[in-house]
Peer 1: 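Okay, handing you the structure first.
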Amino acid sequence: MEIRGARVLVAGATGDIGSALAERLAGVGAVTALAGRDPARLAGVRERCGPGPSRIFDAWDLDGAEGTAAWAARELGGLDAVVVCVGVAAFGPVGEIGEAVAEHVMAVNALAPMAILRSASAHVSPGGLLAAVTGTVARSAPAGMADYAAAKAALATWLTATRRELRRAGVGVLEVCLPHVESGFAGRAVTGTAPPLPPGITVAEAVDVIVEGMRMDARVVDSARSKRGTT
Ligand SMILES: NC(=O)c1ccc[n+]([C@@H]2O[C@H](COP(=O)([O-])OP(=O)(O)OC[C@H]3O[C@@H](n4cnc5c(N)ncnc54)[C@H](OP(=O)(O)O)[C@@H]3O)[C@@H](O)[C@H]2O)c1
């Protein structure tokens, strides 16, 4: 897709990757609507991206999450792309996670992104794009983060099925499957401490992967594949 002039909703625009993505998109001429949970961080990103709409939402409120795409379409006079960068990790043995944390992790990493994109499917124009960030854990399913990995796998499967459904409507669906990224994400886990992780890619490299995927109308991108071309 052509990013210059595109009307793009970034959900999770307050995070390390979401904020850097929003700024990159604005820098190359996209018109952005920004959604995030933390009001102060959201205001800061909005300022750095230039004038435009912003909206607070919490992933726990699935109706609010679902309403985000309609809001963005209204504010921008249409919607060409949505990128969901919302997520939270949880670390620890399955027997110690507990149902409240498990529900939280599923809501933030799977149900809320699905709610946003489900409603966006009715608003994004033909030629447009729905995208969400998953993670290599969705494939590798490492020990010590079962609920986080399962939530990302659920989102990945949902994206694949939705892509098949929306093909005829001319709307692309992109899965951004990131490896470990050197953001503050692991340190913000809802519970537990991250196991030793391999060196990650930088936030700027993660943004490169996302923007390349958008430009190439890719179906799935990850940092390893993006060095060889998107898939
Ligand atoms: N960093 C990594 O190693 C890595 C690897 C693979 C995939 N990912 C994925 O990349 C995405 C971005 O991660 P990041 O590295 O940028 O981490 P981050 O800085 O912690 O960003 C997480 C984002 O999720 C939002 N969020 C968390 N809980 C929320 C809730 N209950 N309601 C609404 N928003 C909520 C945060 O909002 P607030 O800031 O407003 O609280 C923030 O915008 C996530 O989906 C993550 O799973 C990260």
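Bear in mind that the values here come from a model prediction, so they are computed numbers and not experimental data. Ligands are counted one by one from 1 in listed order, and the atoms in each one are counted from 1 as well. Values below: all heavy atoms of this structure, side chains included; hydrogens, waters and symmetry mates excluded.
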Peer 1: Numbering the atoms of ligand 1 from 1, which are under 4.0 Å from a heavy atom of F57?
Peer 2: 33 (C)
Peer 1: Tell me whether L159 shares a hydrophobic cluster with V10, the cluster being built from Ile, Leu, Val, Met, Phe, Trp, Tyr side chains joined at under 4.5 Å.
Peer 2: no
Peer 1: Between G184 and ligand 1, is there a nitrogen or oxygen pair with a distance under 3.5 Å?
Peer 2: no
Peer 1: Identify, by atom number and element, the atoms of ligand 1 in contact range of G12, meaning under 4.0 Å from any of its heavy atoms.
Peer 2: 43 (O)
Peer 1: Could you find the nearest protein heavy atom to atom 24 (O) of ligand 1 and give me its residue, atom name and distance?
Peer 2: G87 N, 3.1 Å
Peer 1: Which residue and atom name correspond to the protein heavy atom nearest atom 9 (C) of ligand 1, and how close is it?
Peer 2: V133 CG1, 3.5 Å
Peer 1: Before you tell me yes or no, could you show the steps for D208 and R24 under side-chain contact (heavy atoms from CB on, under 4.5 Å), namely the whole-Å CA-CA distance, both residues' side-chain angles and the distance that decides it to 0.1 Å?
Peer 2: CA-CA 9 Å; D208 290 344; R24 179 82 67 84; 2.9 Å; yes
Peer 1: I need the nearest protein heavy-atom contact for atom 29 (C) of ligand 1: residue, atom name and distance, please.
Peer 2: R37 CZ, 3.5 Å
Peer 1: Regarding atom 45 (O) of ligand 1: of the candidates T134, V86, L21, V203, which has the closest heavy atom?
Peer 2: V86
Peer 1: Working to the nearest 0.5 angstrom, can you tell me the gap between C177 SG and L155 CG?
Peer 2: 10.5 Å
Peer 1: Roughly how far, to the nearest 0.5 Å, is the CZ atom of R4 from the CZ atom of R215?
Peer 2: 8.5 Å
Peer 1: For C85 and ligand 1, answer yes if some heavy atom of the residue is under 4.0 Å from a ligand atom, otherwise no.
Peer 2: yes
Peer 1: Using a 3.5 Å cut-off on N or O atoms only, is W60 in polar contact with ligand 1?
Peer 2: no
Peer 1: With rounding to the nearest 0.5 Å, note down the distance linking OG in S125 to CG in D80.
Peer 2: 4.0 Å
Peer 1: Check each heavy atom of D16 against ligand 1 and say whether those closer than 4.0 Å belong to the side chain, the backbone, both or neither.
Peer 2: both
Peer 1: Side chains of R48 and S19: any donor to acceptor distance under 3.5 Å?
Peer 2: no
Peer 1: Measure R188 to ligand 1 on non-hydrogen atoms and call it side chain, backbone, both or neither using the 4.0 Å cut-off.
Peer 2: side chain
Peer 1: Please determine whether residues L129 and I17 belong to a single hydrophobic cluster, defined as Ile, Leu, Val, Met, Phe, Trp and Tyr linked transitively by side-chain heavy-atom distances below 4.5 Å.
Peer 2: yes
Peer 1: Pairs under 3.5 angstrom only: tabulate donor-acceptor contacts from the side chains of residues 94-113 to other protein residues two or more places apart or in another chain.
Peer 2:
unit_1 : atom_1 : unit_2 : atom_2 : d
N109   : OD1    : V88    : N      : 3.1
N109   : ND2    : V88    : O      : 2.7
N109   : ND2    : V105   : O      : 2.8

Peer 1: For a quick test of your reading: what N or O donor-acceptor pairs under 3.5 Å do the side chains of residues 185-202 make, sequence neighbours left out?
Peer 2:
unit_1 : atom_1 : unit_2 : atom_2 : d
R188   : NH2    : D16    : OD2    : 3.0
T202   : OG1    : E205   : N      : 3.0
T202   : OG1    : E205   : OE1    : 3.4

Peer 1: Tell me which one of H180, R41, H104 gets a heavy atom nearest to atom 39 (O) of ligand 1.
Peer 2: R41
Peer 1: From L62 CG over to S119 OG, what is the distance, rounded to the nearest 0.5 angstrom?
Peer 2: 12.0 Å
Peer 1: Give me the nearest non-hydrogen protein atom to atom 33 (C) of ligand 1 as residue plus atom name, then the distance to 0.1 Å.
Peer 2: A59 N, 3.4 Å
Peer 1: With rounding to the nearest 0.5 angstrom, report the CG to CD distance, L9 to E75.
Peer 2: 11.5 Å
Peer 1: As a quick check of understanding, evaluate side-chain contact (heavy atoms from CB on, under 4.5 Å) for E175 and R163, giving each step before the final call.
Peer 2: CA-CA 10 Å; E175 180 193 353; R163 180 181 309 117; 4.2 Å; yes
Peer 1: Can you pull out the closest protein heavy atom to atom 37 (O) of ligand 1? Residue, atom name and distance to 0.1 Å, please.
Peer 2: T14 OG1, 3.2 Å
Peer 1: Name the closest protein heavy atom to atom 3 (O) of ligand 1, giving the residue it belongs to and the distance to 0.1 Å.
Peer 2: V181 N, 2.8 Å
Peer 1: Looking only at heavy atoms, is any part of E182 under 4.0 Å from ligand 1, and if so is it the side chain, the backbone, or both, or is it neither?
Peer 2: neither
Peer 1: For atom 5 (C) of ligand 1, which candidate among G135, G15, S183, P179 provides the closest heavy atom?
Peer 2: P179
Peer 1: Check ligand 1 against Y148 and write out every atom of the ligand that is under 4.0 Å from a heavy-atom position of the residue.
Peer 2: 7 (C), 8 (N), 46 (C), 47 (O)
Peer 1: Regarding ligand 1, does V108 bring an N or O atom to under 3.5 Å of one of the ligand's N or O atoms?
Peer 2: no
Peer 1: Which value, rounded to the nearest 0.5 Å, describes the distance between K152 atom NZ and S140 atom OG?
Peer 2: 13.0 Å
Peer 1: Is there any N or O on F185 that sits under 3.5 Å from an N or O of ligand 1?
Peer 2: no
Peer 1: Tell me: protein heavy atom nearest atom 16 (O) of ligand 1, and distance?
Peer 2: I17 N, 2.8 Å
Peer 1: Suppose I only count heavy atoms of D58 and a 4.0 Å limit; which atoms of ligand 1 are within that range?
Peer 2: 30 (C), 31 (N), 32 (N), 33 (C)
